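Report on one structure; see the data block that follows.
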Amino acid sequence: MENIRLVALDLDGTLLNSDKQITDESRKVLYRAAEQGIEIVPCTGRFFGGMPESVRKLPFLHYAITVNGASVYDVRQEKELYSSCIPWEKAVEVIEFIETLDCPLVYDAYIENWGWMPRVMQENVDPFGPDPHYLKMLKTFRTPVENLKDFISENKKDVQKLQIYMLPSEVEAHKAEFMKAIADKFEWLAVTSSVINNIEMNFRDANKGDALMALAAHLGISREQVAAFGDGSNDLTMIKAAGFGVAMENGVPELHEIAEFVTRTNDEEGIAFGFRKFLK
């Protein structure tokens, strides 16, 4: 990794610990890498405004890959360099299918870098929050609407991402089944997950790997000069795309199988350990 010029970092479960914080050790290695001219790029399922302020305000942050690759954002210019959304008509079709799934669940949509959720679902979202931090995000970064399908149809705004949240007790019985059913029904969707009880749906071209390579090309950086750290199934494409892929120890088994290296967990300074082991 001596020639690495860009490092992409997933946030939840990777750069952020279980308290959704960047540890002091991780912060030190990020600053050191930035001083050496390495681009540090958050690569997350969140939209930019939903990223923690501690990440958004990093002084060396120039770019962010957000909404699972639906957007590549130039932080300094405050503009998108790349985007890929679900056409609004197709998003309505997906929601109609979601509503046929035989399981208690809630759902939302990201549109123009903000979250929207049916009001009755947001009012009853507590059992669907896997932890207090995630539950706070569901309540803070979602605007309630009476009917999400009607809202999308009336505004005719394309959708960056659709998400389902199921009860944690239903995950073992239904998550894999639902992910397969959605992927089989809508071949043009990329179906992934970032937390234990959610399913995320982006347009097929909106994935972290393609977005990462688009940003690298924009910067004149080769694949071999890119490294990526991740933990979830929505990180698979960027771990494959990067010249050097690092999986967190707390990551899904599929990542461990394809990564060049498995570092420590996000609560055991996995980022700092990985940087210090492979970057000068």
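Since this is a predicted model, take the numbers as computed values, not measurements.
The CZ atom of F273 lies 5.5 Å from the OG1 atom of T263; values are rounded to the nearest 0.5 Å. The OG atom of S194 lies 6.5 Å from the CG atom of N68; values are rounded to the nearest 0.5 Å. The distance from atom CG of L105 to atom CD1 of I164, rounded to the nearest 0.5 Å, is 6.0 Å. Atom CG in L189 sits 11.5 Å away from atom CD1 in I199 (nearest 0.5 Å).
Partners of F48 according to the ring-ring contact (aromatic ring centres under 6.0 Å, His included) rule, which considers only residues two or more places apart in sequence or in another chain, are Y73. Residues forming a salt bridge (charged side-chain N to carboxylate O under 4.0 Å, His left out) with D19 (at least two apart in sequence, or on another chain): none. Shown here are the side-chain contact (heavy atoms from CB on, under 4.5 Å) partners of E177, two or more places apart in sequence or in another chain: H174. For A70, the side-chain contact (heavy atoms from CB on, under 4.5 Å) partners two or more places apart in sequence, or in a different chain, are V67, Q160, N202, A206. For the ring-ring contact (aromatic ring centres under 6.0 Å, His included) test, no residue two or more places apart in sequence or in another chain qualifies with F203. Partners of Y107 by ring-ring contact (aromatic ring centres under 6.0 Å, His included), not counting sequence neighbours: none found. In this structure V262 satisfies the side-chain contact (heavy atoms from CB on, under 4.5 Å) test together with A247, E249, H256, sequence neighbours excluded. With sequence neighbours excluded, the residues that form a ring-ring contact (aromatic ring centres under 6.0 Å, His included) with F151 are W116. Remark: L135 engages V125, D126, K139 in a side-chain contact (heavy atoms from CB on, under 4.5 Å) (not counting sequence neighbours).
A salt bridge links E25 with R276: the distance from a Lys NZ or Arg NE/NH1/NH2 to an Asp or Glu carboxylate oxygen falls below 4.0 Å. A salt bridge between E170 and K175 is absent, with no side-chain N of the basic residue lying under 4.0 Å from a carboxylate O of the acidic one. In summary, D108 and K161 do not engage in a salt bridge, as defined by a charged side-chain N under 4.0 Å from a carboxylate O.
With T100 contributing its side chain and F97 its backbone, the two residues share a donor-acceptor pair below 3.5 Å. The main-chain N or O of T192 is never found under 3.5 Å from a side-chain atom of S233 such that the two would form a donor-acceptor pair. With hydrogens and angles disregarded, no donor-acceptor distance shorter than 3.5 Å links the side chain of D210 to the backbone of N207. Under the 3.5 Å distance criterion, the side-chain polar atoms of E200 are left unmatched by any main-chain donor or acceptor of Q163. Between the side chain of N198 and the backbone N or O of V195 there is at least one donor-acceptor pair closer than 3.5 Å. The backbone N or O of R142 lies less than 3.5 Å from a partner atom in the side chain of Q122, making a donor-acceptor pair. For the pair D267 (side chain) and N17 (backbone), a donor-acceptor distance under 3.5 Å is absent. With hydrogens and angles ignored, the 3.5 Å screen pairs a side-chain donor or acceptor of S153 with a backbone N or O of K149. Under the 3.5 Å distance criterion, the side-chain polar atoms of K208 are matched with a main-chain donor or acceptor of C43.
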Please table the atom pairs, donor to acceptor, closer than 3.5 Å between any side-chain atom in residues 76-85 and protein atoms at least two apart or in another chain.
unit_1	atom_1	unit_2	atom_2	d
E80	OE2	S71	OG	2.7
Y82	OH	D205	O	3.0

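Contacts classified as ring-ring contact (aromatic ring centres under 6.0 Å, His included) and involving residues 6-44 (residues at least two apart or in different chains) are given here: Y31-F60. Sorted by first and then second residue, the salt bridge (Lys or Arg N to Asp or Glu O under 4.0 Å) pairs involving residues 33-56 (not counting sequence neighbours) are D12-R46.
The aromatic rings of W114 and F47 sit tilted, their planes meeting at an angle between 30° and 60°. Taking the six-membered ring where the residue is Trp, F244 and F278 present tilted rings, their angle falling between 30° and 60°.
Cluster annotation: L6 is not connected to V246 through the hydrophobic network of ILVMFWY side chains, with a link wherever side-chain heavy atoms come within less than 4.5 Å. Hydrophobic clustering (side-chain heavy atoms under 4.5 Å, transitive across Ile, Leu, Val, Met, Phe, Trp, Tyr) keeps L215 apart from I4.
Contact check for V41 versus V7: no side-chain heavy atoms found under the 4.5 Å cut-off. You'll find the side chain of I98 reaches within 4.5 Å of the side chain of M201, heavy atoms only. By the 4.5 Å heavy-atom criterion applied to side chains, L9 and F275 are counted as neighbours. Between L61 and P42, some side-chain heavy-atom pair lies under the 4.5 Å cut-off. Using a 4.5 Å heavy-atom cutoff, the side chains of V252 and D231 are not in contact.
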